Protein chains: 2
Amino acid sequence: MTEIAADRNVLALTCPSRVIFARIGDRWTMFIVLALADRTMRFTELKNSIGPVAPKVLTETLRALEDDGLVARDSFPDSPPRVEYSLTDLGRSLLEPIAAMRAWAERHVPEVLASRERALD
Amino acid sequence: MTEIAADRNVLALTCPSRVIFARIGDRWTMFIVLALADRTMRFTELKNSIGPVAPKVLTETLRALEDDGLVARDSFPDSPPRVEYSLTDLGRSLLEPIAAMRAWAERHVPEVLASRERALD
DNA sequence: CTGAATCCGAAAGGATACTG
DNA sequence: CAGTATCCTTTCGGATTCAG
């Protein structure tokens, strides 16, 4: 009974890969992680560097990353308020597999896009 | 004028990484790719191995993968009909970065889930 | 400056029944 | 067997406005 039947299949919905691909696959997460790879950033700074993201969505995504322990949020009691976001050690460790995926993408996505366009006929 | 201003930023929406993460991040794509990593599979066979996916959704996902040149669809004029899906060379080349991401996930997602649960308080 | 609150449309995903 | 056709619910992302 210590063995859980539902875990026999690596394709189960709780599959670790599924969790991480779902997280990275969303609209802004990867841009945020990459922006924070170099340095700590403030909310508006982040907002300006990653593109036209609505504040609500940016907040949601940052909270999710924070909940997952990938991003740290540090607020300072200044006026005007100052909040800094940075990658945690866990978040930084994610940069390596991301780099592998990005390398593949740089090399092969043009092929993918070409194929996608051919499919429109 | 041969330089496109919008491409100056690696974080642009047409960023190759964005394209590939969006593709892999959807609900069933990764399961399909992993199922086809070992061998060619037929529609129902695929359906049975990846979980409770609606036929409509499986078809949509397979068509998208086919359009992107990652999966090949071969149909045979048999009765009853027989259709086989397999990874293309391009699709197989994607297995390597996926493996890197999966290795990270196997090692660190428990941490992520623990952190996520702590955040519920 | 850093969000929170509200409202909205589009899209993704799914249940079900049916067909060549 | 390998899908298509409908219909439906939920989720996601975004626009806008307001507040501490």
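Keep in mind the model is a prediction, meaning the values are calculated, not measured. In what follows, chains are A, B, ... by sequence order, proteins preceding strands, each numbered from 1.
- Within the 4.5 Å cutoff, the side chain of W28(B) has heavy atoms near those of the V53(B) side chain.
- When side chains are defined from C-beta on, L94(A) counts as touching I24(A), because their heavy atoms get closer than 4.5 Å.
- For residues 50-65 of chain A, no pair satisfies side-chain hydrogen bond (donor to acceptor under 3.5 Å, both in side chains), with sequence neighbours left out.
- Less than 4.0 Å separates DNA chain C from at least one heavy atom of each of the following residues of residues 58-70 of chain A: T59(A), R63(A).
- Looking only at side-chain heavy atoms (C-beta outward), F21(A) and M101(A) come within less than 4.5 Å of each other.
- Whole-Å rounding puts the F31(B) CZ to dG13(C) C1' distance at 14 Å.
- Contact annotation for D78(B): no contact, since no heavy-atom pair falls under 4.0 Å across all strands.
- Among the atoms of the strands shown, none is found under 4.0 Å from any heavy atom of F76(A).
- K47(B) comes within 4.0 angstrom of nothing in the nucleic acid, heavy atoms only.
- A sub-4.0 Å separation between OP1 or OP2 of dT10(D) and a side-chain N or O of R27(B) is absent.
- In this structure, the side chains of S49(A) and M41(A) come closer than 4.5 Å at one or more pairs of heavy atoms.
- For the pair T88(A)/V71(A), no side-chain contact is recorded, criterion being any heavy-atom separation below 4.5 Å from C-beta on.
- An OP1 or OP2 oxygen of dC12(D) is reached within less than 4.0 angstrom by no side-chain nitrogen or oxygen of W28(A).
- When each of dT2(C), dC1(D), dA4(C) is scored by its nearest atom to the side-chain atoms of P55(A), the top-ranked nucleotide is dA4(C).
- Within the nucleic acid shown, V57(A) comes within 4.0 Å of at least one base atom, counting heavy atoms only.
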